[in-house]
Amino acid sequence: MTGFTPDRRSLLKGGGITLAAAATMSADQLLGYAKAWAQASPWKPEPGAKINMLRWKRFVEAEDVAFMKIVDAFQKATGCTINVSNESYDDLQPKASVAANTGQGLDMVWGLYSLPFLFPTKCMDVTDVADYLGKKNGGWAESGKKYGMLGNKWIGVPVAATGGLVNYRVAAAEKAGHKTFPKDLAGFADLVKGMNKVGAPAGMALGHASGDANGWVHWALWAHGGRLIDKDNKVVVNSPETAKSLEYVKSLYDNFIPGTASWNDSSNNKAFLAGQLHLTTNGISIYVTAKKEAPAIAEDMNHAHLPAGLDGKTRELHLGFPILIFSFTKFPQACKAFTAFLMEPEQFNPWVEAAQGYLSPFLNDYQKNPIWTVDPKNTPYRDVATTASTPAGDAEMSENAAAAIADFVVVDMYANYCTGREDVKTAMSSAERAAKRIFRA
Amino acid sequence: MTTIPTSLPTPTRHFGKSSAWDRLRTNRNWLAIWFMLPAAAFLILFLAYPLFLGVWMSFTDDRIGRGGGNFVGLENYEWLKDDSIFWLSVFNTLLYTIVASAIKFAVGLYLALLLNRHMPFKALIRAAVLIPFIVPTVLSAIAFWWIYDSQFSIISWSLIKMGLIDHNINFLGDSSWARGSVIFANIWRGVPFVAITLLAGLQTVSPSLYEAATLDGATSWQRFRFITYPLLTPIIAVVMTFSVLFTFTDFQLIWALTRGGPVNATHLMATLSYQRGILSGRLGEGAAIATAMIPFLMAAIAISWFGMQRRKWQQGTDND
């Protein structure tokens with residue numbers, strides 16, 4: 001078990017020199033560094049700035065501790081105050097929306113998915129910050145640009161994403177006849193079927209789970225060549241490709257553990273850790289918890305990307321974590337400085353290490369962090385930015401695409417068919433209608 | 001009143017042909033308006049204004065962060081007209097309200113009659129009955145969420161251990177089970193309110209009426225039917241109005257338990273309005289769904305108001 005836990009020492013061995021320096025920085029050194037950084041930074045925080053920041057509530061405790069350490073160093077170095085409040089995945093967006101609508105209460109939000117695109121007019125242009133970070137850290141991955149840019153300006157900085165990858169029990173998969181994880185759709189369906197037969201069922205959320213449900217149903221849609229909208233934002237969900245994907249998902253659902261239609265984002269974590277669920281899509285948080293609380297499960301589990309689509313390409317929808325600054329903040333410089341500080345290698349590397357794979361970077365250089373290779377089970381999560389698509393699919397990310405995902409249009413389509421509430425045609429036309437309602441303007 | 005004339009500059013004018021202004025100044029109603037103003041301002045600011053703003057918003061394409069949308073007339077309603085999820089939510093809301101309210105009334109009345117009897121530890125038991133009502137909704141909803149969990153339900157577990165069933169019950173994953181489950185949770189929460197209020201009503205019924213009826217040889221059913229029930233009707237009308245309103249507009253319980261799932265089988269109008277308005281950011285559409293609730297609520301209020309006006313309902317006799 002200990003072999004899988006990356007402690008500081010093993011990270012040091014694997015890491016470069018700068019990394020090692022960052023990882024071992026004591027509080028004093030960090031403060032010294034932060035002060036020097038603040039001196040050199042292109043953004044000078046307003047004196048006495050008070051920032052109210054909202055972030056999602058952590059799933060990996062050490063990640064939060066590392067984050068607060070960065071906040072602390074920034075406060076001491078610049079004299080700013082940052083009030084960090086936490087909200088669960090589901091409650092974060094309404095709070096941010098209310099702040100955006102009333103123009104007060106919050107200065108910046110570290111949110112989920114495409115949050116900045118829900119109210120782009122209220123997001124400050126952070127192109128300077130994004131360019132600065134991109135130049136310094138090997139550039140942004142394509143998916144990072146898609147997640148951050150509206151037209152040619154950045155309205156949010158995509159800090160990281162948590163991958164919605166397959167978590168599975170190795171022994172159960174082998175028992176079902178798959179020594180290696182299947183790479184194509186047919187093999188994956190066969191695995192799910194086989195696991196059900198041997199009494200080790202799979203299960204993926206089909207309830208209104210913002211992260212887990214949206215992720216894999218979009219993969220299924222895209223893998224079969226289906227699209228909610230085309231490049232020009234025209235609704236094209238009602239198609240033979242979508243019908244194929246519906247049949248495919250139904251064949252998976254029929255072999256799932258019962259109850260997935262009611263699952264929220266935490267349901268699969270609970271069931272997997274209790275040993276009742278043997279395959280699901282999730283971030284790395286199950287593994288992180290298992291290492292601490294259920295070593296036997298951690299030993300027996302592994303991660304993999306969802307299989308490639310019919311065209312041989314892997315397209316996945318991962319849970320992006322963009323940070324946005326409200327245009328009405330009184331302290332724009334302080335907010336920008338903090339965003340940049342957060343993502344400097346000296347902060348970001350230890351933070352990513354503390355997150356143990358939960359935060360997959362969009363900045364290319366951070367893929368070299370030893371956390372991704374020190375434990376081979378972490379490696380699939382390194383490449384999240386490479387396979388990531390935005391909820392808009394082929395189109396540019398937009399306000400409407402953000403609304404569609406928040407309204408669970410695609411999830412409802414699959415759930416409607418899988419639970420037998422609607423047939424293929426009705427499920428598709430309901431989704432088409434719902435999408436047309438959203439994309440009408 | 002005496003202080004007001006003395007404050008007038010020329011009292012004589014008061015008796016002669018007084019001006020309109022003077023008459024107004026001494027008018028009791030005029031004075032009353034000023035006393036009522038703070039309360040009225042409060043109601044207008046916090047009730048009427050948001051209500052009208054919501055109705056207005058439903059005619060616009062307002063979105064979060066836009067600060068007022070364009071007037072689009074009935075467009076939002078036209079989209080709702082053939083929106084199957086909306087109609088499903090209307091059906092769910094009516095089902096939820098009617099079934100839950102009816103059972104809450106029956107169980108509440110029964111409980112009130114029981115509690116009205118003399119028994120040991122009366123005060124303690126009455127207090128205990130209130131517990132479901134006191135616990136914050138979200139807390140009880142989370143408790144129910146665990147009870148109904150698809151893998152870890154205590155009910156499924158017990159039944160399996162007893163050998164009655166062989167697999168977990170899919171409480172929140174199956175449409176019918178999910179509807180039943182949320183209705184049960186709502187009933188559990190709402191019964192104490194009905195029971196305690198009806199109990200208060202029962203205690204206002206004079207015992208001498210029961211004594212007289214007993215002397216006349218009335219059975220316990222007759223005592224209930226011809227004494228308790230008629231005297232309780234006004235309270236029932238009030239309690240049930242409140243109960244129906246609370247149930248119809250329920251949000252927290254559903255949101256914490258199912259978020260409207262599975263496949264929207266438990267989406268109420270309130271939760272759908274929230275999902276569309278706040279989560280998707282389409283304030284106009286959300287407001288249209290919320291506004292669509294108003295006619296139903298008005299009907300519920302009208303029925304009970306009409307009932308309370310009528311003597312027949314108040315006294316249970318036929319002399320209108």
Side-chain angles (χ1 to χ4, degrees), chain A residues 90 93-94 96-103 118-123 203 206-210 213 257-264 267 270-271 274 276-277 326-327 399 402-409 411-412 414-422 426 429-430 433-434 436-438 440-441, chain B residues 61-70 72 75-76 78-80 82-86 88 145-146 148-153 156 167-175 177-178 181 255-267 271-272 274-285:
Chain A
D90 297 311
Q93 196 214 314
S97 294
V98 170
N101 210 35
T102 55
L118 269 182
F119 32 76
T121 53
K122 297 283 171 171
C123 298
L206 259 184
H208 283 181
S210 323
I257 193 169
T260 52
S262 69
W263 279 7
N264 65 18
S267 305
K270 282 186 307 179
Q276 300 196 3
L277 178 68
F326 282 122
S327 53
E399 209 177 329
I405 201 157
D407 204 20
F408 297 104
V409 173
V411 174
D412 277 353
Y414 285 99
N416 271 329
Y417 179 57
C418 288
T419 56
R421 215 180 78 79
E422 290 178 348
T426 325
S429 61
S430 310
R433 208 194 151 282
K436 278 191 172 153
R437 173 174 58 75
I438 291 168
R440 67 179 187 254
Chain B
D61 61 358
D62 199 6
R63 294 190 193 173
I64 280 182
R66 289 272 175 90
N70 303 314
V72 293
E75 193 185 307
N76 288 325
E78 277 158 20
W79 276 94
L80 286 183
D82 50 0
D83 181 342
S84 59
I85 297 181
F86 169 71
L88 182 66
W145 184 59
W146 278 104
Y148 293 146
D149 191 280
S150 51
Q151 270 75 43
F152 306 103
S153 163
S156 298
H167 60 275
N168 284 334
I169 300 172
N170 196 357
F171 281 110
L172 299 177
D174 174 86
S175 301
W177 272 108
S181 303
W255 200 249
L257 278 179
T258 65
R259 280 179 209 280
V263 281
N264 303 315
T266 59
H267 240 321
T271 52
L272 187 67
Y274 179 78
Q275 182 180 311
R276 295 261 170 93
I278 306 293
L279 295 186
S280 282
R282 307 292 159 118
L283 289 175
E285 287 171 32

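Here is the naming used below: chain letters follow the sequence lines, and residue numbers restart at 1 for every chain.
For B:Ile169, no part lies near chain A; criterion is any non-hydrogen pair under 4.5 Å. Within the 4.5 angstrom heavy-atom criterion, no atom of B:Phe171 approaches chain A. Only the side chain of A:Thr121 comes within contact range of chain B, with heavy atoms under 4.5 Å apart. With a 4.5 Å cut-off on non-hydrogen atoms, B:Asp82 touches chain A through its backbone and its side chain both. When heavy atoms are compared at a cutoff of 4.5 Å, B:Leu283 approaches chain A solely by way of its side chain, counted from C-beta outward. For chain B, the nearby parts of A:Arg433 are the backbone and the side chain; heavy atoms of each come within less than 4.5 Å. With a 4.5 angstrom heavy-atom cutoff, B:Asn264 touches chain A only via side-chain atoms.
Taking CD of A:Glu399 as the start and CZ of B:Arg63 as the end, the distance is 4.5 Å to the nearest 0.5 Å. In this structure, OG in A:Ser327 is found 10.0 Å from CZ in A:Phe119, a value given to the nearest 0.5 Å. Note that the OG atom of A:Ser429 and the CD atom of A:Glu422 stand 7.0 Å from one another [nearest 0.5 Å]. A:Ser262 OG to B:Asp149 CG: the interatomic distance, rounded to the nearest 0.5 Å, is 7.5 Å.
Atom CH2 of B:Trp177 is surrounded by 12 or fewer heavy atoms from other residues, nucleotides or ligands within 6.0 Å.
Contact check on B:Asp62 versus B:Arg282 returns no salt bridge, with no Lys/Arg side-chain nitrogen under 4.0 Å from an Asp/Glu carboxylate oxygen.
The residue among B:Tyr148, B:Trp255, B:Trp146 with the most heavy atom pairs within less than 4.5 Å of chain A is B:Trp146. For the options A:Ala209, A:Gly207, A:Ser97, A:Ala100, heavy-atom pairs under 4.5 Å to chain B are most numerous at A:Ser97. Note: A:Ala403 leads A:Ser267, A:Ala403, A:Ala261 in heavy-atom pairs under 4.5 Å with chain B.
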Requested in this report: Verify side chain to side chain donor-acceptor pair (under 3.5 Å) between B:Gln275 and B:Ser280, making sure each step is shown before the conclusion.
Outcome: CA-CA 6 Å; B:Gln275 182 180 311; B:Ser280 282; 5.8 Å; no
